[in-house]
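Proteins come first, then strands; the chains are lettered A, B, ... in the order of their sequence lines, and each starts at number 1.
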Number of protein chains: 2
Amino acid sequence: MELLQTIKKSPLFLTIDEETLKEIAEHCRQKKLYKGQELFAAGDTAENFYIILNGWIKLSRISREGEEIIIHVFGPGESFAEAAVFSDKKKYPVYAQSIEDAEVIEIPRSFFIKKIEEDSRFALRLLGSISAHQHYLVQQLEQVTSRTAPQRVGAFLLRFCKRQTENADGTMVVDLPYDKAIISTRLSIKPETFSRALAKLEPYGVTADKRAITIKSPEALADFCDVD
Amino acid sequence: MELLQTIKKSPLFLTIDEETLKEIAEHCRQKKLYKGQELFAAGDTAENFYIILNGWIKLSRISREGEEIIIHVFGPGESFAEAAVFSDKKKYPVYAQSIEDAEVIEIPRSFFIKKIEEDSRFALRLLGSISAHQHYLVQQLEQVTSRTAPQRVGAFLLRFCKRQTENADGTMVVDLPYDKAIISTRLSIKPETFSRALAKLEPYGVTADKRAITIKSPEALADFCDVD
DNA sequence: AACATCACTTGATTTGGATCAACTCCACAA
DNA sequence: TTGTGGAGTTGATCCAAATCAAGTGATGTT
């Protein structure tokens, strides 16, 4: 069964035994989302958290002026909204929407809490997963406040190309997973600035052809972006 | 015993029974820190997490260029570094230093994990506490990316004056808890900008006399800062 | 084939905050 | 009392990114 296989691969469930996994698979619902569909809104009661099977889900907040801030974009295998489920107010603090057609697994809060009560290793695993995301947020905060736009774009490309293939000569090709406008917002810059930032990375061996980005020397880029 | 009383008041232990609290008090060490003392550095093994008795502890990261980014400043009653203790790498991702003379309680990881295994309600409580901090980080990210310097300064004042007294006529007086330079860094702005931002809040009834800030109409300020 | 639309790119101008620099005001020490 | 240094303010200038605006080049539609 495909569902079980996917759950198994999620970082959250890496160390969970087969039997528990089967039980989890039985208690969660698979959900299909069309492009742009809302999964939950900020302020909704946090009844579930999610694991992504395929597609991309963006978590964002909308300011009073209607401006959107993307908190994170989660991809296949990743889980999100765990923290909201355990918050005091039991509300989602952000808005979640799919940016492509997507499939997610919905895991109900109640089942999850039962599981934690039964199995403390599971609680520890969960704490690890949440703290990893917290670490990501801290890094994000650092990026936004202390890096220039080109550095942020470069760091994004590097983070992303880690998951993709490397050629024999060290050259890497990244295929951008979604619209440049989404990436821009995620990096807290405007699309125009993104475009110009990409151009400024040319001296470091970065060339773009539509969504396919070639990085001649990841090392030189990493050096410029001050990562790794 | 003072230690037990303080632990009891910490949000993390609010719902924990007296007996467990006594046990916790027995297993943790009280530590005095002089101004500027390092508590742990980024990369250190995360053996403990902390609760503040008094004083202020700042968590920061230092970029390769030597620039400091303050992630958060924690005050009396607050706990921090819970997440690091549960991360996969078991390392602190940030640097912690006291900004005044301070006293903290140090709680060892090992004891804590034992406690979670024994008591699932405790694990849930902890999950709640961590997710609250995560929510804070998300808000911080939003502030930094979408608010101007004066708005951020105003939001800081409002957040802070909630913990302080309000006069009968609605006027509030905030006494800044630490150096303006620290506040500036926490808000990701330069001290000069902080100074100018404070001046720009004058039309909204904000006047400063050294560290004592008077806010004539918190509502007007909140409106300008787009909070609450 | 003509048109509309969407996803960018490129150019010109503006602006918020950083930087550099000087100056005031206090606390504290010799 | 007179210095000395740190905290904070104020002024002048600079720069990165936002904004406003126009254009390109795909893709799909009638």
Side-chain angles (χ1 to χ4, degrees), chain A residues 35-36 56 58 63 65-70 73 99-100 143-157 174-203 206-213 224-226, chain B residues 35-36 56 58 63 65-70 99-101 143-157 174-203 206-213 224-226:
Chain A
K35 179 175 176 170
W56 298 90
K58 78 165 195 254
S63 75
E65 297 95 47
E67 193 190 352
E68 181 185 41
I69 299 105
I70 296 185
V73 177
I99 55 180
E100 307 286 347
Q143 290 258 338
V144 167
T145 56
S146 74
R147 303 272 141 90
T148 65
Q151 285 179 319
R152 273 184 268 164
V153 170
F156 175 85
L157 293 178
V174 194
D175 201 33
L176 298 182
Y178 34 79
D179 285 0
K180 286 177 182 172
I182 301 265
I183 302 176
S184 312
T185 313
R186 177 169 169 182
L187 298 175
S188 296
I189 55 181
K190 299 290 150 186
E192 295 95 323
T193 307
F194 180 87
S195 186
R196 286 186 245 262
L198 210 48
K200 277 186 191 156
L201 293 180
E202 208 256 285
V206 177
T207 44
D209 175 37
K210 285 210 64 180
R211 279 194 179 177
I213 315 281
F224 167 72
C225 299
D226 195 15
Chain B
K35 180 175 176 170
W56 298 90
K58 77 162 196 254
S63 74
E65 296 95 49
E67 192 190 353
E68 181 185 41
I69 299 106
I70 296 186
I99 57 180
E100 307 286 347
D101 289 357
Q143 290 259 337
V144 167
T145 56
S146 74
R147 304 272 141 91
T148 64
Q151 284 178 320
R152 272 184 268 167
V153 171
F156 176 85
L157 293 177
V174 194
D175 200 34
L176 297 184
Y178 34 80
D179 287 359
K180 287 178 182 173
I182 301 266
I183 302 175
S184 311
T185 313
R186 178 169 168 182
L187 298 175
S188 297
I189 56 181
K190 299 289 148 185
E192 295 95 323
T193 307
F194 180 87
S195 186
R196 287 186 246 262
L198 210 48
K200 277 186 191 156
L201 293 179
E202 207 257 286
V206 177
T207 44
D209 175 37
K210 284 209 64 181
R211 279 194 181 178
I213 314 281
F224 167 72
C225 299
D226 194 16

Within this structure, what is the [atom1]-to-[atom2] distance between [X] and [N], rounded to whole angstrom?
X      : N      : atom1 : atom2 : value
A:R147 : C:dA18 : CZ    : C1'   : 18 Å
A:E192 : D:dT24 : CD    : C1'   : 15 Å
A:L187 : D:dA17 : CG    : P     : 12 Å
A:I189 : C:dG16 : CD1   : C1'   : 17 Å
A:Q151 : D:dC15 : CD    : C1'   : 15 Å
B:K200 : C:dT15 : NZ    : P     : 12 Å
A:K210 : C:dC8  : NZ    : P     : 8 Å
B:I213 : D:dG8  : CD1   : P     : 10 Å

Examine the base of C:dG16 for any acceptor or donor lying under 3.5 Å from a partner atom in the side chain of B:R196, and report the outcome as yes or no.
no

Given [options], identify the nucleotide with an atom nearest to the side chain of [X].
X      : options               : answer
B:R211 : D:dG8, C:dC8, D:dC20  : D:dG8
A:D179 : D:dC20, D:dT27, C:dA7 : C:dA7
B:K180 : D:dG8, C:dA21, C:dC8  : D:dG8
A:T193 : C:dC8, D:dA17, D:dT9  : D:dA17

Do A:L157 and A:L198 touch side chain to side chain, with heavy atoms closer than 4.5 Å?
yes

If you round to the nearest 0.5 Å, how far is CD1 of B:I182 from CD of B:E100?
8.0 Å

Say whether, by atom type as modelled, one donor and one acceptor occur between the side chain of B:E202 and the main chain of B:T207 under 3.5 angstrom.
no

Does the A:S195 side chain pair with the main chain of A:P191, one donor and one acceptor, at a distance under 3.5 Å?
no

What do the steps show when you test B:K200 against B:V206 for side chain to side chain contact (heavy atoms under 4.5 Å, CB included), and what is the final call?
CA-CA 9 Å; B:K200 277 186 191 156; B:V206 177; over 6 Å; no

Think B:S195 has a side-chain N or O under 4.0 angstrom from the OP1 or OP2 of D:dT9?
yes

Looking at A:K190, I'd like to know whether one of its side-chain N or O atoms comes within less than 4.0 Å of OP1 or OP2 on D:dT19.
yes

Report which part of the nucleic acid A:A199 touches: base, sugar-phosphate, or nothing (heavy-atom distance under 4.0 Å, all strands).
nothing

